[in-house]
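Report on the following structure.
Note that the structure is a prediction, hence the values are computed from the model and not measured. Counting convention: from 1, in listed order, for ligands and their atoms alike.
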Amino acid sequence: MLIKKPSDLRESDVTPKELFLARREFIRAASVTAAAAATGVLGAGFDDEASAQNPKAEKFANLVKSPLSTDEKLNSYKDVTTYNNFYEFGLDKGDPARHAHQLRPRPWSVKVEGLCDKPGTYHIEDILKWFPLEERIYRLRCVEAWSMVIPWVGFPLGDFVKRMEPNSKARYVEFRTLVDRAQMPGQREPALQWPYIEGLRMDEAMHPLAILGVGLYGEVMPNQNGAPIRLVVPWKYGFKSIKSIVSVRFVENEPVNTWKQQQAREYGFYANVNPDVDHPRWSQKTERRIGEFFRRKTLPFNGYADQVASLYTGMDLRRHY
Ligand code: MTE
């Protein structure tokens, strides 16, 4: 991102670090059972490296595999949990795995405000009870031109939005991450303006591909991936997928998201994956799938064009990057 461009990345940056198994205490959520083994729950598909999961983490039971999943080869649990962007824990890709044990994902609540009929402060345990959880395997394409394939656990963001009954004035939804310098050491530095803020247009938020993620690889969301609840919007650059959400606000005007606030010339509000629009400092035509040697071609909307391109009919996506 602004702070580190792909050409600055050394090979050591992408060498998976030793898996950091934080001693975390999870309060058992209603839909979570410690007894269920992820492999049994999720069936075939996870490779051997799945066995390197955190043995202490709670596992989800009875996950339904979504037909919206890609069948591409998964990145290993180790890749997914040790090569992260989460600036609240530092700028290095290994910092989130190293420091995120300081985050306390329970108790946790999400405050819903703004132009809706069901504002309130909702406990994560209650939110988990509202919706059946699914396994969604999505490609994540970072703006830094690397990508991964991740088996998320979550539920449609649109179901959450509907439940909050936004009114007709609500045109956007804005999300904010926790601010707590004690839990998030990176916030002691002015690397970004805190809190991290993201937003979606209401029709984007209602699209069935957009989910709120609460886990991955069949287990409760590891802290470094945005515990206990984060956004996953697979057709947009990864920075839209805000982690550790504490606030959801329905608003009339386009929210000023963190990266646009930081450097509007380089990062826009829409951030749709687009191989034809270069970042001012690097090309977006290709990407490096973590764990692979050869680069891949980047696909429009990260390969989800058939499902989402119609959201942007009539828009100049070079201007609205
Ligand atoms: N959310 C917060 N709060 N802080 C961040 O620094 N980084 C974003 C996004 N969400 C970020 C965040 C970026 S740039 C990416 S690519 C994805 O998280 C990475 O998600 P992952 O580490 O789970 O792969």
* **Distance-only polar pair, side chains of Asn257 and Glu198, donor-acceptor under 3.5 Å** => yes
* Structure fact -> Near Ile242 (heavy-atom distance under 4.0 Å), the atoms of ligand 1 are 1 (N), 10 (N)
* **Whichever hydrophobic residues join Phe293 through chains of side-chain contacts under 4.5 Å** => Phe294
* Flag the pair Glu252 and Lys169 as a salt bridge only when some basic side-chain nitrogen lies within less than 4.0 angstrom of an acidic carboxylate oxygen. => no
* Modelled atom types, side-chain donor and acceptor of Tyr312 and Glu204, under 3.5 Å -> yes
* Structure fact -> If you compare Trp152, Tyr196, Tyr267 by their heavy atoms, the one closest to atom 2 (C) of ligand 1 turns out to be Tyr196
* To do: With heavy atoms only and a cut-off of under 4.0 Å, state how Asn84 meets ligand 1: side chain, backbone, both or neither.
  => both
* Polar contact flag, side-chain donor to acceptor under 3.5 angstrom, Thr298-Glu287 -> yes
* Do any heavy atoms of Ser244 fall under 4.0 Å from ligand 1? -> no
* To do: For ligand 1, find out whether one of its N or O atoms is nearer than 3.5 Å to an N or O atom of Tyr87.
  => yes
* Structure fact -> Checking heavy atoms under 4.0 Å, the part of Phe86 that sits near ligand 1 is both
* Arg230 and ligand 1 - part of the residue with a heavy-atom distance under 4.0 Å -> side chain
* Proximal candidate to atom 9 (C) of ligand 1 [heavy atom criterion; set Ala97, Gly186, Gly238, Pro222] -> Gly238
* Polar proximity ligand 1 side, Asn85 side, N/O cut 3.5 Å exclusive -> yes
* Proximal ligand 1 atoms for Cys142, defined as those under 4.0 Å from one of its heavy atoms -> 16 (S)
* At a 4.0 Å threshold, what atoms of ligand 1 neighbour a non-hydrogen atom of Asn225? -> 21 (P), 23 (O)
* **Asp95 and Gln224: side chain donor to acceptor below 3.5 Å** => no
* **Trp259 N/O to ligand 1 N/O under 3.5 Å** => no
* Atom indices of ligand 1, in the order listed, that fall short of 4.0 Å to a heavy atom of Thr177 -> 3 (N)
* Once the angle between the rings of Trp146 and Tyr83 is folded into 0 to 90°, is it parallel (under 30°), tilted (30 to 60°) or perpendicular (over 60°)? -> perpendicular
* Mind checking whether Phe160 and Phe155 have parallel, tilted or perpendicular rings, split at 30° and 60°? -> tilted
* **ligand 1 versus Glu88: contacting region, heavy-atom distance under 4.0 Å** => side chain
* Asked: Using 30° and 60° as the class limits, which term best fits the ring planes of Trp282 and His279: parallel, tilted or perpendicular?
  -> parallel
